[in-house]
Amino acid sequence: MISTIIIILGIIMIVAGIIAVHLKNLLAAIIVSGAISLLASIIYLILGSPDVAMTEASIGAGLTTIVFLFALNKARKEDKND
Amino acid sequence: MIKKIFVALAIFGLFSIFLPIMINFDFHQNLSELSTQYVKGSVEDLNSQNVVTSVIVTYRGLDTLGEVTVLFLATAGIGFLLKKRKGKKRVASELLQTSSSFLSVVIIMFGIFIFSHGHLTPGGGFQGGVMIASAFLLLMLSDVNLELNHTILQFIESLSGAFYVVVGLIGLVLTIGFLNSKIIPLGEYGNLFSAGAIPLIYSFVGLKVGSELTNILDAMGGD
């Protein structure tokens with residue numbers, strides 16, 4: 001049962017990774033890559049490591065996504081100014 | 001065409017490396033010798049409920065100090081490279097302003113809970129620090145004219161970093177070892193004030209990480 005859930009989550013993660021690479025819209029790609037981290041944190045929680053799951057959810061899904069969004073915003077502004 | 005063949009070959013090679021690992025995958029039923037030592041020592045030696053925390057802070061304390069240093073260098077680099085510029089600003093909605101001023105206090109309290117209870121419950125300095133930074137991010141999103149006091153932030157950051165090293169050096173002076181958490185009485189198992197210097201060190205790490213990440217977010221989202 002547990003391994004089935006993990007395999008399903010892993011397949012969703014792989015599909016989401018391929019989607020994130022092929023998306024033309026950068027904003028959507030950042031959101032999808034954040035979702036991959038969230039799924040990874042669920043897998044860590046199922047495998048019995050809540051510490052790693054917390055780190056992955058807060059840093060991988062939260063902070064990294066926000067930093068990427070800020071960087072995208074900054075890059076777009078630089079493009080407009082030039 | 002050739003590029004695609006190479007990519008397919010690389011993926012196939014990776015797959016064939018991981019296939020035997022996947023087939024032989026099995027949940028570990030027994031702890032290895034080193035893990036047994038850590039699990040036993042965490043309870044008997046250090047009086048800490050959370051084994052992961054006692055490994056990170058005490059057994060691998062020097063690595064954690066290096067990790068904190070790497071984060072500090074990253075923050076310094078971002079601060080040098082990104083200059084804050086003033087541009088047009090959009091005012092946030094009333095709903096976001098009201099709710100974030102209430103929620104940010106709760107999130108900061110939860111972050112402090114996470115890093116001060118690192119030796120009892122899952123989580124620790126890094127996770128709590130990120131939560132505190134996310135509360136400040138909420139404040140930045142709601143109030144666009146928010147000016148963070150950088151003097152206080154740098155003061156907290158540098159002082160907690162210095163005290164982290166000082167706590168490590170006290171162990172060296174008392175000849176127990178660098179960053180050994182037994183410099184403070186171990187206390188009662190399962191209490192907030194137990195596990196020696198582990199909660200103290202993790203609180204310093206939490207404050208340092210929180211102020212550093214707040215600085216990063218302020219520098220990046222400043223315009």
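All values derive from a computational prediction rather than experimental measurement. Letters A, B, ... are given to chains in the order of the sequence lines, protein chains preceding strands, and every chain is numbered from 1.
Counting heavy-atom neighbours within 6.0 Å of B/Q97 CD, excluding the residue itself, gives a total above 12. Around CG of B/L19, the count of heavy atoms belonging to other residues, nucleotides or ligands within 6.0 Å exceeds 12. Residue B/L34 qualifies as enclosed at atom CG: its count of foreign heavy atoms under 6.0 Å is above 12.
Judged by distance alone, the side chain of A/D51 and the main-chain N or O of B/P122 form no donor-acceptor pair under 3.5 Å.
The shortest side-chain heavy-atom distance between A/F70 and B/I216 does not fall under the 4.5 Å cut-off.
Proximity to chain B (any heavy atom under 4.5 Å) is shown, for A/L69, by neither the backbone nor the side chain. Of the two parts of A/A57, neither the backbone nor the side chain holds a non-hydrogen atom closer than 4.5 Å to a non-hydrogen atom of chain B. Using a 4.5 Å cut-off between heavy atoms, B/I56 makes no contact with chain A at all.
To the nearest 0.5 Å, atom CD1 of residue A/I66 and atom CG of residue B/L141 are 7.5 Å apart. Here the CZ-CD1 distance, from B/F126 to A/I59, works out to 8.0 Å after rounding to the nearest 0.5 Å.
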*So A/L63 and B/L217, side-chain contact (heavy atoms from CB on, under 4.5 Å) or not? Walk me through it.*
CA-CA 9 Å; A/L63 197 75; B/L217 290 174; 4.1 Å; yes

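Judged by distance alone, the side chains of A/S58 and B/Q127 never bring a donor and an acceptor atom under 3.5 Å apart.
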